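Notes follow the structure.
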Protein chains: 2
Amino acid sequence: MNPEKVVCPVDRTLSLINKKWSIQIIRDMFFGKKHFKEFKEDKPNLSNKVLSNCLKDLEKNGLIEKKVLNTSPVTTEYYLTEYGQSMNRIIYELAMFTLDDDLDENYPEDKRDELKNTFRQTLKIDD
Amino acid sequence: MNPEKVVCPVDRTLSLINKKWSIQIIRDMFFGKKHFKEFKEDKPNLSNKVLSNCLKDLEKNGLIEKKVLNTSPVTTEYYLTEYGQSMNRIIYELAMFTLDDDLDENYPEDKRDELKNTFRQTLKIDD
DNA sequence: CGGGATCCGGATGGATACTG
DNA sequence: CAGTATCCATCCGGATCCCG
């Protein structure tokens, strides 16, 4: 339409997290995970190579930060940047989509409310 | 931990939209697109095959509905189901992540406010 | 411990041509 | 117009081995 084509903001956000495991790794970091090995827990299909590439990509996009604490043995920790932390509402809505689905039989009512509170607190959603 | 392992609700939501173009197609449908051809506009890298598979997947997951209106020439329309429409807040937060980033130089302030309103109205966000 | 290097088969993506 | 068929490129996942 215009010579100055405006990119859709949704596309711009997606371009930051378009790797298969990006969102789940960010979610993990909100829940306190910091180490390479921790991100692999509960993700049997995530290989070293893919995780490594994903972490690099997230770092390149400014969402996470890598801190090397020690050499031999190497200790590395990953943290969300402020920019990364501002993804909290996206993660929150992704969780609520499932937790607000009353037809979902995987979550009994009480469990659902408990999980909602957990996410609200962990993601620091204030409203 | 438990014998009855609870799947993270974020993972459950992601499993519904884990194809590369799913979210962008849903976004398009919120903005009124209905036809196969329309979804390909502005997505030069989206091939017929991939789009076809993606639409089938979204339909299988109950997010969209396919209506064949005509044969020769074939006319098909795709619509969001109620379930699909409840993704509105996810799309909204994906847009706001970019539009709330004051350092992003691609959007001057007035343009940003205009876009925010457009998304709020189109996605029927009431708060 | 946190990766990188390599190999490999399979899945996914993309481009083009074609059909009802 | 809405796909299907085909072919090729890329990415993913899994295994294993290695290094500082």
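Chain letters run A, B, ... following the sequence lines, proteins first and then strands; every chain starts at 1. Computation of the quantities below employed the complete heavy-atom set of this structure, encompassing side-chain atoms and omitting hydrogens, waters and symmetry-equivalent molecules. Worth saying up front: this structure is predicted, and the values here are computed from it rather than measured.
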Integer-rounded Å distance: D:dG14 P and A:Trp21 CH2: 8 Å
Nearest-nucleotide comparison on DNA chain D, the residue closer to the 5′ end among A:Leu46 and A:Val74: A:Leu46
Full working for side-chain hydrogen bond (donor to acceptor under 3.5 Å, both in side chains) between B:Tyr83 and B:Gln85: CA-CA 5 Å; B:Tyr83 190 44; B:Gln85 286 175 38; over 6 Å; no
Distance in angstrom units between A:Lys34 NZ and C:dG2 C1', rounded: 16 Å
B:Tyr78 side chain near D:dC1 phosphate (N/O to OP1/OP2, under 4.0 Å): no
Polar side-chain contact B:Asn53-C:dT12 base: donor and acceptor under 3.5 Å: no
Sugar-phosphate, base or nothing in reach of A:Ser47, heavy atoms under 4.0 Å: base
CD-SG distance between A:Glu59 and A:Cys54, expressed to the nearest 0.5 angstrom: 12.0 Å
B:Glu41 CD - D:dC1 P separation (whole Å): 10 Å
Pair of N/O donor and acceptor under 3.5 Å linking C:dG2 base with A:Lys37 side chain: no
B:Asn70 CG - D:dA2 C1' separation (whole Å): 12 Å
Phosphate OP1/OP2 of D:dT4: any B:Ser52 side-chain N/O under 4.0 Å: yes
Touch class at under 4.0 angstrom, heavy-atom based, for A:Lys19 against every strand present: nothing
Cluster overlap B:Leu123 with B:Tyr79, hydrophobic side-chain contacts below 4.5 Å: no
B:Tyr78 six-ring face occupied by B:Lys67 cation (under 6.0 Å, within 45°): no
B:Lys40 NZ - D:dT4 C1' separation (whole Å): 12 Å
Euclidean distance, A:Leu115 CG relative to A:Asp110 CG, rounded to 0.5 Å: 10.0 Å
Spacing of B:Lys43 atom NZ relative to C:dG13 atom C1', expressed in whole Å: 16 Å
Atom-pair distance (CG on B:Asn48; P on D:dT6), nearest Å: 15 Å
OP1 or OP2 of D:dC12 under 4.0 Å from side-chain N/O of B:Lys20: no
Nearest-nucleotide comparison on DNA chain C, the residue closer to the 5′ end among B:Pro73 and A:Lys49: A:Lys49
Side-chain N or O of B:His35 closer than 4.0 Å to phosphate OP1/OP2 of D:dC1: no
Value in whole Å for how far the P atom of D:dA9 lies from CG of B:Asn45: 17 Å
